[in-house]
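Below, chains carry the letters A, B, ... as their sequence lines are ordered, and counting in each starts from 1. Keep in mind it's a predicted model, so treat the numbers as computed, not measured.
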There are 2 protein chains.
Amino acid sequence: MEGSHSAHLFTVLSGWGFRYKMLDDGRRRILNYMMPGDLIGLQGSLMGEMQHSVEALSPVTLCVFERDKLGTLYRNYPDLAYDLTWIAAQEERILDENLLSIGRRSALERAAYLLAFLYQRAKATNLFKGERVSIPITQQHVADTLGLSIVHTNKTLKKLGERKLIRWADRGCDILDDEGLMKISGWDGYHEKNRPFI
Amino acid sequence: MEGSHSAHLFTVLSGWGFRYKMLDDGRRRILNYMMPGDLIGLQGSLMGEMQHSVEALSPVTLCVFERDKLGTLYRNYPDLAYDLTWIAAQEERILDENLLSIGRRSALERAAYLLAFLYQRAKATNLFKGERVSIPITQQHVADTLGLSIVHTNKTLKKLGERKLIRWADRGCDILDDEGLMKISGWDGYHEKNRPFI
DNA sequence: CGTACACTTGAGTAGGATCAATTGAAGTGG
DNA sequence: CCACTTCAATTGATCCTACTCAAGTGTACG
């Protein structure tokens, strides 16, 4: 929860989750999604207090670090420290991309971007074992990520469905045409090399 | 420039700048503003290539690091390495906040947030020596930050001016009522403690 | 004196919000 | 096993915020 003083820092080992913030009036804003290899709570560890909340979308397993030992880690394991910074910088890069998308693209473009992005990230982390290629989110999640109303989100996703780019199952989305989504969104894909796994 | 392979990492010592990305159609998206104490090029240093461009808003002085020596720094100066991560995490926090604002607030709220935010950050970094309290940006910058058209940005800023919250000078904005802006934006201010200065 | 750039202003339009209902699947408890 | 609730997805109608188009002003500068 936002505002909590967790004594821990986590690495996601398996499963899906998301980071979000709430506004006073009850509206939720999803900031990003968490997948294996992501860090949870770095901000909290460095600055004393979580600035956002985190929630799971599927059963998740985590690796736990003691927050107090972060200083020790920096002193004794410079390579790990470097990896931590790398992951933080990568998260920053993703946020840049999201910001670009939300500020300057239409609803259809944004939706296409989000789904292509989630699909590609998930694929890069082996979240799709075998053929099952479904993203475990609701349309409300999409709306809260893109800053659209649910109604309009629904109509937008329906358009993507009509074009055979995705198929919306209950509580999940199947990607049918990754390339097609990227073309609509004007996004050139997720290129990440050598992500360290802590 | 985005895509460049700079051999350097910089710290801003004085002056204003901003980070941005361009879309194919020529539209610009400002991601964040840079002030004394900020890092430029960490992403580029860690991942080999700049993912965004940077531009100055006023004369700027920088402190230069050799990118190659980042490994050495992590091995020999763990405290500095820790500070680097701290700054990266802080940037992430600011991006979260921007994302929240852009996705879930009206034009007036967003504009109020942006100006209050810039004002408070600048104040925290001693950018305002003496009485001169002016933010050196054009309305085009505001538009490209908030994802609004210039026309609508102009009308929105005018409203803030009518309410005596700001005064728009040519190429600059004076903040008259910081509290009032925060109230409109529904933002509770910039609380940053102990930022390291590298 | 001409050009460029930042800022203004007005008119018409459209993309997405809000309001209001409905369907359908998945629990849950008696 | 069936009524009852809940939550996700869907659809239609109306409204309004912010966009686009189109001019115009004022100032700085070569």
Side-chain angles (χ1 to χ4, degrees), chain A residues 16 18 23 25-30 55-58 101-115 134-163 166-174 184-186, chain B residues 16 18 23 25-30 55-58 101-115 134-163 166-174 184-186:
Chain A
W16 298 73
F18 62 94
L23 284 174
D25 56 13
R27 288 179 300 184
R28 178 176 67 176
R29 178 85 246 255
I30 295 180
E55 203 173 304
L57 285 166
S58 71
S101 196
I102 281 160
R104 298 262 105 151
R105 293 200 250 245
S106 69
L108 195 72
E109 290 168 334
R110 282 191 257 182
Y113 161 73
L114 176 64
L115 295 172
S134 192
I135 301 171
I137 52 174
T138 67
Q139 296 190 356
Q140 182 70 61
H141 289 117
V142 176
D144 288 346
T145 310
L146 302 180
L148 298 172
S149 68
I150 326 181
V151 174
H152 198 61
T153 299
N154 180 274
K155 288 168 183 167
T156 304
L157 290 174
K158 176 154 263 221
K159 275 186 202 160
L160 291 177
E162 279 162 9
R163 300 193 194 181
I166 63 168
R167 183 171 41 222
W168 202 270
D170 204 48
R171 261 152 253 248
C173 173
D174 295 356
I184 286 184
S185 68
Chain B
W16 298 73
F18 63 96
L23 285 174
D25 56 13
R27 287 179 301 183
R28 177 176 67 176
R29 178 88 247 251
I30 295 180
E55 205 174 303
L57 286 167
S58 71
S101 196
I102 281 160
R104 295 264 106 150
R105 292 201 250 243
S106 70
L108 195 71
E109 290 168 334
R110 282 192 258 183
Y113 161 72
L114 176 63
L115 295 172
S134 192
I135 302 171
I137 53 175
T138 66
Q139 296 190 354
Q140 183 70 61
H141 289 116
V142 176
D144 289 347
T145 310
L146 301 180
L148 298 172
S149 68
I150 325 182
V151 174
H152 198 59
T153 300
N154 179 275
K155 286 168 183 168
T156 304
L157 289 174
K158 177 155 263 222
K159 274 186 203 162
L160 291 178
E162 280 162 9
R163 300 192 194 180
I166 63 167
R167 181 170 42 221
W168 201 271
D170 205 47
R171 260 152 252 250
C173 173
D174 296 355
I184 286 184
S185 69

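Atom P of nucleotide D:dA8 and atom NE2 of A:H141 are separated by 8 Å, given to the nearest angstrom. One atom, NE2 of B:H152, and another, P of C:dA11, lie 17 Å apart when rounded to the nearest Å. Across the protein-nucleic acid pair, B:K159 atom NZ and D:dA18 atom C1' stand 10 Å apart, rounded to whole Å.
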For nucleotides 10-12 of chain D, list the nitrogen or oxygen atoms of the protein found under 3.5 Å from its nitrogen or oxygen atoms, one pair per line.
from: D:dT10; atom 1: OP2; to: A:Q139; atom 2: NE2; distance (Å): 2.8
from: D:dT10; atom 1: OP2; to: A:N154; atom 2: ND2; distance (Å): 3.0
from: D:dT11; atom 1: OP1; to: A:K158; atom 2: NZ; distance (Å): 3.1
from: D:dT11; atom 1: OP2; to: A:K158; atom 2: NZ; distance (Å): 2.0

Expected rows: protein N/O vs nucleotides 1-4 of chain C N/O, under 3.5 Å:
none

Identify each atom pair where a protein N or O and an N or O of nucleotides 26-30 of chain D are less than 3.5 Å apart, giving names and distance.
none

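B:Q140 contributes atom CD, which lies 4.0 Å from atom CD1 of B:I150 (distance to the nearest 0.5 angstrom). Between the OG1 atom in A:T138 and the CH2 atom in A:W168 there is a gap of 7.0 Å [rounded to 0.5 Å]. Here the OG atom belonging to B:S106 is positioned 9.5 Å from the CG atom belonging to B:L148, to the nearest 0.5 angstrom. Residue A:L114 holds its CG atom at 5.5 Å from OG1 of A:T145, rounded to the nearest 0.5 Å. A distance of 10.5 Å separates CD1 in B:I135 from CG in B:L57, rounded to the nearest 0.5 Å. Separating the CG atom in A:L146 from the CD1 atom in A:I30 is a distance of 9.0 Å, to the nearest 0.5 Å.
Here A:G147 lies in heavy-atom contact (under 4.0 Å) with sugar-phosphate atoms only.
In terms of heavy atoms, B:I166 sits closest to B:C173 at CB-SG, 4.1 Å. What you find for A:P136 and A:W16 is that their closest heavy atoms are CD-CE2, 3.5 Å.
At distances below 3.5 Å, at least one donor-acceptor pair connects side-chain atoms of B:R110 with backbone N or O atoms of B:R105. No side-chain donor-acceptor contact under 3.5 Å links B:R28 to the backbone of B:L23. Of the possible donor and acceptor atoms, one in the side chain of A:R29 sits under 3.5 Å from a partner among the backbone N and O of A:D144.
Remark: A:S106, A:A107 in residues 101-115 of chain A come within less than 4.0 Å of DNA chain C through at least one heavy atom.
Checking D:dA18, C:dG16, D:dA9 against every side-chain atom of A:T138, the shortest atom distance belongs to D:dA9.
Taking B:D25 as the reference, B:R27 meet the salt bridge (charged side-chain N to carboxylate O under 4.0 Å, His left out) condition, with sequence neighbours excluded.
Residue pairs meeting the side-chain hydrogen bond (donor to acceptor under 3.5 Å, both in side chains) criterion with at least one member in residues 149-162 of chain A, sequence neighbours excluded: A:Q139-A:N154.
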